[in-house]
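For reference, the structure is listed below as C-alpha cells.
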There are 2 protein chains.
Amino acid sequence: MARLVMKFGGTSVADIARIRNVAQHVKREVDAGHEVAVVVSAMSGTTNQLVAWARETAPLHDAREYDAIVATGEQVTVGLLAIELQRIGIPARSWLGWQIPIRTDNAHGAARIQDINGDELIRRFGEGQVAVIAGFQGLGPDNRITTLGRGGSDTSAVAIAAAIKADRCDIYTDVDGVYTTDPRIVAKARKLDKISYEEMLEMASLGAKVLQTRSVELAMVYRVRLQVRSSFDAPDAPQGTGAGDIVGTLVCDEEEIVEQQVVSGIAYSKDEAKITLVKVEDRPGVAAKVFGPLADNSINVDMIIQNVSDDGKSTDMTFTVPQAELARAEDVIRKAQAEIGAKEIKTDTNVVKVSIIGIGMRSHAGVAKTMFQTLAAKGINILAITTSEIKVSVLIEAEYTELAVRALHTAYGLDGE
Amino acid sequence: MARLVMKFGGTSVADIARIRNVAQHVKREVDAGHEVAVVVSAMSGTTNQLVAWARETAPLHDAREYDAIVATGEQVTVGLLAIELQRIGIPARSWLGWQIPIRTDNAHGAARIQDINGDELIRRFGEGQVAVIAGFQGLGPDNRITTLGRGGSDTSAVAIAAAIKADRCDIYTDVDGVYTTDPRIVAKARKLDKISYEEMLEMASLGAKVLQTRSVELAMVYRVRLQVRSSFDAPDAPQGTGAGDIVGTLVCDEEEIVEQQVVSGIAYSKDEAKITLVKVEDRPGVAAKVFGPLADNSINVDMIIQNVSDDGKSTDMTFTVPQAELARAEDVIRKAQAEIGAKEIKTDTNVVKVSIIGIGMRSHAGVAKTMFQTLAAKGINILAITTSEIKVSVLIEAEYTELAVRALHTAYGLDGE
C-alpha cells in the first residue's frame with residue numbers, strides 16, 4: 001500500500017470521455033490498494049475562454065476578480081471527475097482550494113503556496129475515499145481565491161504530495177517521460193528511468209517543457225518523488241514492476257540513482273538574446289556601470305564574456321538576456337551608453353544556448369573538454385560559456401542547434417538503439 | 001440616499017456587452033447616491049452546459065458535486081461584472097456564497113437560506129464599495145457549496161436585501177412589471193404600479209412567471225419591498241419620480257397600496273391534471289383512503305370535487321395534481337384502487353385553472369358570483385372550484401382559456417386603453 005498523488009493536465013480532462021479515462025487510471029491505483037489524491041487542471045480551452053472574457057471586459061483588471069473567474073475551470077473538472085469516480089464505484093469527493101484549505105500568499109494571479117493542512121484528506125483516505133483536488137488555486141490571506149500562475153497545477157500536486165506525505169507524485173502528461181534530449185531533434189534520444197532533482201531543474205529551466213521549474217524546486221525541497229508519465233497510456237496497460245511501479249521517468253534524490261551517467265541529458269534554449277557593447281573603455285568599474293542598471297531593472301543577465309583588450313584601452317563586452325527582456329535591456333543600456341563609454345551597441349537573437357547536464361560531472365574531470373572538442377570538430381564556434389556544478393552551457397549560432405545537440409548526444413554516449 | 005439590492009438574471013448578463021449594460025444600471029444608482037448590492041445569475045446557457053456535463057458523466061450524480069459544478073456559472077459573472085464596474089470607475093468587489101457567507105441547510109441542489117451576515121457588506125458600503133454577489137449559491141453546514149434550486153437568484157436577492165436592511169430589492173427581468181394578466185392573451189392587460197405580497201404570491205404560484213414563489217414568500221416575511229422592472233430599459237432612461245423611483249411594479253405591504261382594486265389580476269395555470277375515480281363507494285373513510293396514500297407520497301392535491309351520489313351508494317370523485325406528478329399519482333391510486341372500491345380511473349391533462357386574485361375580496365361580497373356569471377354567459381363549464389381569502393380559482397377545459405381570461409379581465413374592470 002502506498003499513498004499517491006496523481007496529476008492530470010488540461011488535455012487529459014478535455015471532455016467527458018477523457019475524464020472517464022482519467023478515472024480508470026485512478027481506479028487502477030485504488031484497486032492496487034493505494035491511497036489516492038488526484039489533482040486536475042481545467043478542461044483544455046476553458047481557461048483561455050475565461051481569460052478572454054476578463055480581458056474583453058477590461059484589458060487591465062483586478063487580479064483578485066481574475067482569480068475568482070479562472071478558478072472556476074478547475075472547479076468544474078473536480079466535480080465531474082468525482083461524479084465519474086462515484087459512477088464506477090469509487091468513493092470520491094472534490095476539494096476546492098479554499099476548502100482544504102491550500103493557503104497561499106496574497107500575490108493574486110501568481111500566488112505561492114504557504115501551507116496545506118492535509119489532516120482531513122488523510123483521515124478520509126482511512127475511510128477509502130479518493131480526494132479530487134482542484135489544481136492551480138488556493139486561498140489568500142484576504143479570504144479570496146488565488147491562482148498560482150502558469151504551470152500551477154504541477155506545483156499544487158507536489159505541494160499536496162508533501163502535505164500528505166505521499167510516497168510518490170505522478171504527473172500524467174502528453175509525453176511518456178523525460179528524455180536524454182529533445183526526440184524531435186535526435187531520433188536516438190532515450191527515455192530516462194531516473195533523473196535527479198538537480199538535473200531535472202536544469203533541464204526544466206533550460207527549456208525542456210515537461211515539468212514546471214517551480215514544481216521541481218518544491219519537490220526537491222520536500223523530497224517528493226515525482227514520476228513523469230503519459231496520460232495516453234491505456235489505464236489497464238501493464239505497470240512497471242519492482243522499483244515502485246515506475247513506467248515513466250522518476251525524478252528523485254540522486255542517492256536513489258544507482259548507475260549515474262556523467263552526462264544525463266542535452267538541453268537547448270532558443271530564448272536567448274545577445275547584446276554586445278563595442279569598444280568599451282577597459283578600466284575598473286565599467287562592469288558595474290553596465291550590470292548595475294540592468295539589475296536595478298530586474299533584468300536577468302545570464303552569460304557574460306569580455307574580450308581581451310587589443311590596445312589596453314578598450315574592449316568588447318558581450319552578455320545574454322532572455323529574449324522577452326531584450327527590448328528593456330537595450331533601453332537601459334542605451335540610456336547608460338555615454339557613461340559606459342561604449343562606441344556601439346549590437347543585439348542578436350539568432351543564438352541558442354546548448355547545455356550538457358549531469359550530476360556525474362562533479363566527480364569527473366574533462367567533461368567540458370569533450371564538449372568543446374566535439375563542437376570544434378563540427379566547426380561550431382562558441383560565443384560564450386557558463387558552467388555550474390552539474391552543467392556546462394555554450395552559446396552558439398542558432399543554425400547549428402540540431403548539429404550540436406546530435407553531436408553531443410553521441411559524444412556522451414547517450415544514443416539509444 | 002437609499003440602500004438597494006439590484007438583481008439581474010441570466011439573459012441580462014449573457015455576454016460582455018450586456019454585462020456592460022448592467023454596470024450602467026448600477027452606475028445610475030451609485031451616481032444617485034445609493035448604496036448598492038448587485039446579485040447576478042450565470043450567463044444564460046452556461047448553467048445548461050454545466051448541467052449537461054454532469055448528466056453526461058452520470059445521470060444520477062452526487063448533488064454536492066453538482067452544486068460545486070453549477071455554482072461556477074455565477075462565479076464567472078460576478079468576477080466579470082466587478083471588473084466592468086471598476087473599469088467605469090466604480091469601486092466594486094465580487095462575493096461568492098461561501099465568502100459572505102450565505103449559510104444554507106444541507107439540501108444540496110435545493111438548499112434553503114438560513115442565515116446571512118451582512119455586516120461586512122454594510123461596512124464596505126460605508127467605504128463606497130458596491131457588492132457584486134453570486135446568486136443561487138450558499139455554503140452548507142458541511143462547508144461545501146450549495147445551490148438554491150430553480151429561480152434561486154431571486155431568493156438570494158431578497159434574502160440579502162433582508163440581511164442588509166435594504167430599502168428596496170429591484171428584480172431586473174425581461175418584462176417591465178407585473179400585469180393584470182398575461183399580455184400575450186389580453187391586449188388590454190395593464191401594468192400594475194403596486195401589488196401586495198399576498199396577491200403576488202397567488203399570481204406567482206398560479207403560473208405568472210415573473211417572480212419565483214419562494215422569493216415572494218421571503219419578501220413578505222421580512223417585509224422587503226420588491227420592484228419588478230425591465231433590464232432592457234436604457235440605463236439612462238428617465239426614472240420614476242416621487243414614490244421611491246418606481247418604474248416597474250412594486251410588490252409591497254398592502255398598507256402601501258392606497259387605491260385597492262377588488263380584483264387586481266387574472267392568472268391561469270396550464271400545469272394541471274385531473275384525476276377522476278368513477279363510482280367510488282359513497283361511505284365514510286373513502287376520502288382518507290384516496291388522499292392518505294397521495295399525501296404519503298408527497299403529491300400535492302389542489303382541487304377536490306365530489307359529485308352528489310345518484311343512488312346513495314356510489315359517487316364520482318375528481319381532484320387535480322400538478323402535471324409533473326400525474327404519473328406518480330396515478331400509480332399510487334391504481335395500487336389503492338381495490339381498497340378504494342373505484343370502478344374506473346380516468347385522467348385528463350386537457351384542463352386549465354383560471355383565477356381571480358385581489359386583496360379587496362376580503363371586504364367585498366359577490367366577487368365570485370361575477371366570475372361564475374361571466375363564465376356561464378360565455379358557455380364555459382366549471383369543472384371544479386377552490387377559493388382562498390384573496391382568490392377564486394376554477395378548473396375549465398383548456399380550449400376556453402383565452403376566452404375566459406379575456407372575459408374576466410373585462411368583467412372586473414381591468415382593461416386598459
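Residue numbers start from 1 in every chain, and the chains themselves are labelled A, B, ... in the order their sequence lines are given, proteins ahead of strands.
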Practice item. Below 4.5 Å from any heavy atom of chain B, which atoms of A:L139 appear? Answer side chain, backbone, both or neither. Key: side chain
**Study point:** chain A contacts, top residue of B:R64, B:H61, B:Q75, B:Q99 (heavy-atom pairs, under 4.5 Å)
**Key:** B:Q75
**Study point:** Contact origin within A:I19 toward chain B - heavy atom pairs under 4.5 Å
**Key:** neither
Exercise for review: Dump the intermediate steps for side-chain contact (heavy atoms from CB on, under 4.5 Å) on A:K27 and A:I90, then the final yes or no.
Suggested key: CA-CA 7 Å; A:K27 181 171 168 25; A:I90 297 175; 3.5 Å; yes
Practice item. In plain terms, say whether B:E120 and B:R123 are close enough for a salt bridge, that is, a side-chain N and a carboxylate O under 4.0 Å apart. Key: yes
Practice item. Below 4.5 Å from any heavy atom of chain B, which atoms of A:R144 appear? Answer side chain, backbone, both or neither. Key: both
Review point. Which region of B:E56, side chain (C-beta onward) or backbone (N, CA, C, O), has a non-hydrogen atom less than 4.5 Å from a non-hydrogen atom of chain A, or is it both or neither?
Key: both
Practice item. Measure A:L50 against the heavy atoms of chain B and call it side chain, backbone, both or neither at under 4.5 Å. Key: side chain
Review point. With only heavy atoms counted, which part of B:R93 is less than 4.5 Å from chain A, the side chain, the backbone, both or neither?
Key: both
Review point. In terms of heavy-atom pairs under 4.5 Å, which option from A:A23, A:S94, A:A68 contacts chain B the most?
Key: A:S94
Check your understanding: Heavy-atom distance under 4.5 Å to chain B: side chain of A:A17, backbone, both or neither?
Key -> neither
Review point. Which of parallel (below 30°), tilted (30 to 60°) and perpendicular (above 60°) describes B:F8 and B:H25?
Key: tilted
Check your understanding: Under 6.0 Å from the CZ atom of A:R328, do we count more than 12 heavy atoms belonging to anything else shown?
Key -> yes
Check your understanding: Looking only at heavy atoms, which two atoms of B:A111 and B:T146 are closest? And how far apart?
Key -> CB-CB, 3.7 Å
Study note, to complete from the structure: Max heavy-atom pairs within cutoff under 4.5 Å with chain B, candidates A:D62, A:V78, A:T57, A:I69, goes to A:T57
Review point. With only heavy atoms counted, which part of A:E84 is less than 4.5 Å from chain B, the side chain, the backbone, both or neither?
Key: both
Exercise for review: Sort B:L81 into side chain, backbone, both or neither according to what part of it lies under 4.5 angstrom from a heavy atom of chain A.
Suggested key: neither
Review point. Any donor-acceptor pair under 3.5 Å linking the side chain of B:R28 with the backbone of B:P235?
Key: yes
Review point. Would you find a donor on one side and an acceptor on the other, under 3.5 Å apart, between the side chain of A:D167 and the backbone of A:R3?
Key: yes
Check your understanding: Would B:D105 and B:Q114 count as having a side-chain donor-acceptor pair, cut-off 3.5 Å?
Key -> no
Practice item. Quick one: which of B:I83, B:D67, B:V70 has the most heavy-atom pairs under 4.5 Å with chain A, could you say? Key: B:I83
**Study point:** Heavy-atom pair count under 4.5 Å with chain A, highest-scoring of B:I16, B:D15, B:I145
**Key:** B:I16
Review point. So do A:I160 and A:I133 actually touch side chain to side chain, heavy atoms under 4.5 Å?
Key: yes
